[in-house]
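Working notes, beginning with the structure itself.
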Amino acid sequence: MRAQASVLHLDLDAFFAAVEQRDKPSLRGKPVVVGGVGGRGVVSTASYEARRYGVRSAMSTREARARCPHAAFLTGRFHAYRETSRAVMAVLRAVSPLVEPLSLDEAFVDLAPAELGDHDETTLRAMGERLREGVKEATGGLTASVGIGTSKFIAKVASDLDKPDGLVVVMPGTETELLRPMHVTVIPGVGPATAERLRRAGIHTVADLETVSLDELVRLVGRAHGTGLHALARAEDDRAVEPERETKSVSVEGTYDTDLTDRSLMSGLLTRQAGQVAERLRKHGLSGRTITIKVRLHDFTTLSRSTTLPSPTDHAPTIARLARSLLEELDTSGGVRLLGVGVSGLADWIQEELFTDEEPEQEQDVAPVEPPTQRSTWAPGMDVEHTEMGRGWVWGSGRGVVTVRFETAQTGPGPVRSYPADSPDLAPWRPPETDGAPV
DNA sequence: TCTGGGGTCCTAGGACCC
DNA sequence: TCTGGGGTCCTAGGACCC
């Protein structure tokens with residue numbers, strides 16, 4: 001918590017719906033719902049006109065239709081949202097370079113570098129109004145709610161207090177009296193599960209929470225969460241505004257209107273998703289070592305399976321192949337409603353650099369370290385044949401060693417073995433390009 | 001026919017190493 | 001030979017956020 005109110009939080013009001021109303025004047029003043037329109041879609045954003053009918057974010061579109069049948073139901077136009085978001089972030093960066101976007105419609109701004117002179121309430125309000133005006137101009141009339149306070153937590157709570165189109169400044173020293181009467185769910189990280197645990201312990205408000213000892217909180221909700229809650233209940237929050245946050249994972253998933261039962265269809269869908277993930281990785285110059293699939297069964301139980309490569313990849317056939325073999329482990333006979341593929345353990349360099357950089361620590365289980373050669377011969381994902389092991393594909397390669405994952409059509413994925421890259425027992429057996437055709 | 005999609009962070013257990 | 005403890009990496013699942 002800072003001595004001065006110098007953290008600002010800005011939240012665009014009903015952002016997706018507002019962009020739709022801006023771009024299509026016939027929708028202005030009318031209920032608009034943006035979200036999935038399929039049988040299993042949910043509401044992403046409801047305009048304030050639609051909220052009057054009880055339509056809320058995360059509600060199923062089916063229920064939203066029941067509550068407000070005359071609303072316009074639209075799927076998102078993410079290009080337009082991204083473009084508009086960029087314009088908003090540019091307005092914020094003109095005030096201070098320290099802007100941390102949380103999503104397309106939300107950001108923190110650290111006002112410390114802004115030349116504000118005094119941080120008295122009048123100056124802060126003027127700054128907030130100036131920003132809101134700037135956003136309106138840059139976006140063709142979108143409104144935003146702004147909160148200013150001594151920490152991220154307080155700024156965020158403040159921006160929520162006078163929505164929509166509001167501005168609230170919480171001056172230093174007034175934080176705890178503001179928070180105490182509020183329900184524990186104002187604290188970021190307290191969702192339904194945590195709120196229920198706290199409720200059972202008789203803790204409802206922030207004031208209640210403040211009386212609970214650190215040990216007791218840790219016992220209730222775990223180490224990390226407990227210490228966080230203990231501090232936030234006292235408005236203690238020193239989290240910095242971080243303009244550059246690194247991407248940790250990239251994923252694509254889809255929920256299907258009817259449950260999937262056909263394994264070959266699932267394989268095809270995973271293959272297509274793997275291609276989309278690889279494309280996004282490449283676009284951002286990323287690659288990753290851990291491939292994860294996500295499977296949601298008909299009864300909503302959600303499973304994940306993952307595997308970690310010896311070196312990072314952005315190669316679609318490799319990701320697809322691993323995803324498909326991970327699916328083999330799962331019993332999907334009851335039907336699958338969601339399938340997804342993700343890559344994590346990201347590096348901002350690609351595998352080729354393994355060959356040019358100095359030797360990494362990591363060792364292979366086959367010893368001979370030859371001079372780095374064969375770069376193009378053993379590309380990840382490439383199909384290979386071993387005289388004894390049979391068919392497999394390149395899982396990773398580097399430093400004169402190629403790691404192969406063997407599999408057969410009959411038995412599925414098999415063992416992983418490493419060989420010297422010049423092993424006469426190992427040969428490519430067909431070009432990999434036939435792989436990856438979606439169903 | 002309740003329950004999206006893209007993320008982040010945490011926990012807990014096992015393997016493995018020192 | 002037995003007893004341990006700590007650290008790191010990996011996997012699976014869950015809570016949470018917008």
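Only heavy atoms go into these numbers, but all of them, side chains included; no hydrogens, no water, no symmetry mates. Here is the naming used below: chain letters follow the sequence lines, and residue numbers restart at 1 for every chain.
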- Item | Partner of A/Arg2 under salt bridge (charged side-chain N to carboxylate O under 4.0 Å, His left out), chosen from A/Asp237, A/Asp110, A/Asp238 | A/Asp110
- Message: Classify A/Thr292 by what it touches in the nucleic acid, base, sugar-phosphate, or nothing, heavy-atom distance under 4.0 Å.
- Response: nothing
Under 4.0 Å: is that the gap between some side-chain N or O of [X] and OP1 or OP2 of [N]?
X        : N      : answer
A/Lys248 : B/dG7  : no
A/Arg289 : C/dC10 : yes
A/Arg296 : B/dG4  : yes

Whether the side chain of [X] engages the backbone of [Y] through a donor-acceptor N/O pair (distance < 3.5 Å, no angle test) should be reported.
X        : Y        : result
A/Arg417 : A/Val404 : no
A/Asp257 : A/Gly39  : yes
A/Arg77  : A/Val19  : no
A/Arg337 : A/His298 : no
A/Arg234 : A/His230 : yes

- Rounded to whole Å, the CZ-P distance (A/Arg245 to B/dT8) equals 8 Å
- Axial bend angle, the helix from B/dG5-C/dC18 to B/dC18-C/dG5: five-pair end segments, nearest 10°: 10°
- Item | Residues within residues 201-236 of chain A bordering DNA chain B, heavy-atom distance below 4.0 Å | A/Arg223, A/Ala224
- Message: Using a strict heavy-atom distance below 4.0 Å, which residues from residues 85-110 of chain A are in contact with DNA chain B?
- Response: none
- Determine the interplanar angle of the A/Phe78 and A/Phe16 rings, folded into 0 to 90°, and report it as parallel if under 30°, tilted if 30 to 60°, perpendicular if over 60°. perpendicular
- Note on the structure: Winner on side-chain proximity to A/Thr308, out of C/dC10, B/dG6, C/dC17, is C/dC10
